Number of protein chains: 2
Amino acid sequence: MAERKKADAKPARGAEPPREIRDEVEGEASGRKSALGYTKPRTYEELRAVLASGTLHFPKRLRQVAIFLWQHPDDVALGTIVQVAEQAGVQPSTLVRFAKTFGFAGFSDLQGLFKDHVKGSWPEARGRAEPTSRSETHAELHFLGGIVAAARASLDRIGESFDVASFEAMIEVLAGADLIYLVGSKRAFPVTAYLSLTLSQQGVRNVLVDNVGSTAFDQIGCIGRGDALLAVSFSPYNSITPDLVAVAHERSAQIVTITDSTFSPLIPLSTRWIEVIESDFAGFRSLAASLSVGMALVHGVVAKRSAGRRQAR
Amino acid sequence: MAERKKADAKPARGAEPPREIRDEVEGEASGRKSALGYTKPRTYEELRAVLASGTLHFPKRLRQVAIFLWQHPDDVALGTIVQVAEQAGVQPSTLVRFAKTFGFAGFSDLQGLFKDHVKGSWPEARGRAEPTSRSETHAELHFLGGIVAAARASLDRIGESFDVASFEAMIEVLAGADLIYLVGSKRAFPVTAYLSLTLSQQGVRNVLVDNVGSTAFDQIGCIGRGDALLAVSFSPYNSITPDLVAVAHERSAQIVTITDSTFSPLIPLSTRWIEVIESDFAGFRSLAASLSVGMALVHGVVAKRSAGRRQAR
DNA sequence: TCAAAAATGGAAATCCTCTTCGAAATTGAC
DNA sequence: GTCAATTTCGAAGAGGATTTCCATTTTTGA
């Protein structure tokens, strides 16, 4: 863990920020050509605020980094650059590039913020958590314990930070829609599948865009102005979901999104969105939080619709 | 932060424990001449217990170290050896000596314990999860709280009663199968869909019997003696799942089942089965427990298969 | 479709950290 | 007070970790 003292970031080629970000910054702080140094976040919270602003358009790998930093601050604080790079699925050099983008001297400099943050917010944690009590005996039981813990952690996170306003606005949009389309690929598909089933059982007409027969775009092509689309999407956002949502957006449908970071490409297209972060264990990711929030959405839609019908009489 | 792999602590002169401690240990574990390695703590808690025992008489500098480790675990986890040494008021080499005293390969090895501890107990540290506190205000939030509580209850129940033997037998069956078929209708479908995805991502060939095009029976009709079928089924058992499983049974495939009661019609047909009970809230049922158990199964199968392959070489 | 610009991957170079080891200082027994 | 055993110090070497650089790939804009 190098704690380099020198901060004489030479304007080397590799140190230049990606274009979108440079434009962004120069646009805001008009005329500061070499200016990213000025915007270097001084605390973890500042960094988080910058990342969350959502106005930054990162290229693929840098976005991957941003998402990982957002979701695993403790791993960033405690790991080496190699470990962090592996977990984030990028090259070590990408992390350095990312750090320089924000005016840090290098990864170590950036990591300092995370260390300070962990140090500052840690003392409460002592002597808690016995998740692996009887699990020691069998390795597979240990894994089961980990998976369950991840699910629990995901559920806990809902309680900690939940955007009630967005959530209720999403219900509003879906309840007001003529027909509800559901889109979710890969990991998100089980979620949309369950929501679709539940909606149908509750008498709410809906279309699950499952891409059977590769007809997803044709299905979405029928979406109209009065319809709404519920998209569920997790990083990496490399499935067809963004493309499908883009089509719906063009056709002026209302779009509401459940996603796991503010960097989701769906957010700019969405009328309302809500962030749901799922924990994972050994790379196996929970769906517990997304399912819960999704079910609550469905319930809200059903409740609102039947309330509306009652009033209409 | 060097994560050294070699643990071949040669009995170099500097590595010998100070006299008081050696006496202490030899007194307790009578006769273990080279024994400090045996007492190497495996977790932070273990180390803390040893330090707390109070029976150890350290020389001045080493005592200084012990006190610092006790009082500033977070600084130990996050700092370099030089930083820790400075803060503790000792030489870096003293920290290494201290670590070796307890059988660690060096400071990095010791520090690993502190890192794990911080990592493990950190996420909980911020704002203690109060999911249903302000929920009273909004009806929909109350519902979300209920759904989350149901998911939690489902997860809790796994810990309470879990048939380990059946679970491991199921892994055995699936790992030994030529091809794995997955069957689950309605509510169970999201579970099988996610398991199918995960299996594929882990390189385990599988067939998700999704009944697209109403071809489920034709698909199952191809199952053979060397194959296995994982069925997921919840009450009421009125879907096509029992019929599909019956076909597989006739064709002498091995059948393992995740179900929610001993009355499931699948149980007589199954080689092994496991009970997973999902809680519900206002009729909206959780899938958290089934997904967790399913994922653990997948992981077990992957682990067992790769272990088998390793042995085969 | 092509050219230019940007972003990425990967290996070499550099720098720092951790560890080792001998010398100096301290302790305690006789 | 002296000697031997133990502990501490601090410099130097070995080994990683971080950073830099450039060839290659990807994206952007005309």
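Because the structure is a prediction, the values reported are computed rather than measured. Labels below follow one simple rule: chain letters A, B, ... track the order of the sequence lines, proteins then strands, and each chain is numbered from 1.
Protein atom CZ of A:R97 is 12 Å distant from nucleotide atom C1' of C:dG10, rounded to whole Å. Between B:L95 atom CG and C:dC18 atom P there is a gap of 9 Å when expressed in whole angstrom units. Regarding A:Q111, its CD atom lies at a distance of 12 Å from the P atom of C:dT17, rounded to whole Å. Computed from coordinates, the A:Q91 CD to C:dA12 P distance equals 14 Å when rounded to whole Å. As a whole-Å value, the separation of A:K60 NZ from D:dT28 P is 12 Å. Note: CZ (B:R61) to C1' (D:dT6) measures 15 Å, nearest angstrom. As a whole-Å value, the separation of A:E86 CD from C:dG9 P is 14 Å. Going from atom CD1 of A:I81 over to atom C1' of D:dG16 covers 13 Å, rounded to whole Å.
Comparing atom distances between the A:L62 side chain and each of C:dT8, C:dT19, D:dT20 picks out C:dT8 as nearest. Between C:dG10, C:dC21, D:dT20, one nucleotide has an atom nearer to the side chain of B:S93 than all others, and that is C:dC21. Across C:dC18, D:dT18, D:dT19, the shortest atom-to-atom separation from the side chain of A:V82 is found for D:dT18. Residue B:T80 has its side chain nearest to C:dC18 when only D:dC21, D:dG10, C:dC18 are considered.
Taking A:L287 as the reference, A:P190, A:V191, A:F234, A:L291, B:Y194, B:L291 meet the side-chain contact (heavy atoms from CB on, under 4.5 Å) condition, with sequence neighbours excluded. Residues passing the salt bridge (charged side-chain N to carboxylate O under 4.0 Å, His left out) test with B:R205 are B:D178, sequence neighbours excluded.
Within 4.0 Å of A:T94, counting heavy atoms only, lie sugar-phosphate atoms of the nucleic acid but no base atom.
The side chain of A:K100 contributes no N or O atom lying less than 4.0 Å from OP1 or OP2 of D:dT19.
Between A:T259 and A:E275 there is no side-chain heavy-atom pair separated by less than 4.5 Å.
The bend of the helix from C:dT1-D:dA30 to C:dC30-D:dG1, defined by the angle between the axes of its first five and last five pairs, stands at 30° to the nearest 10°.
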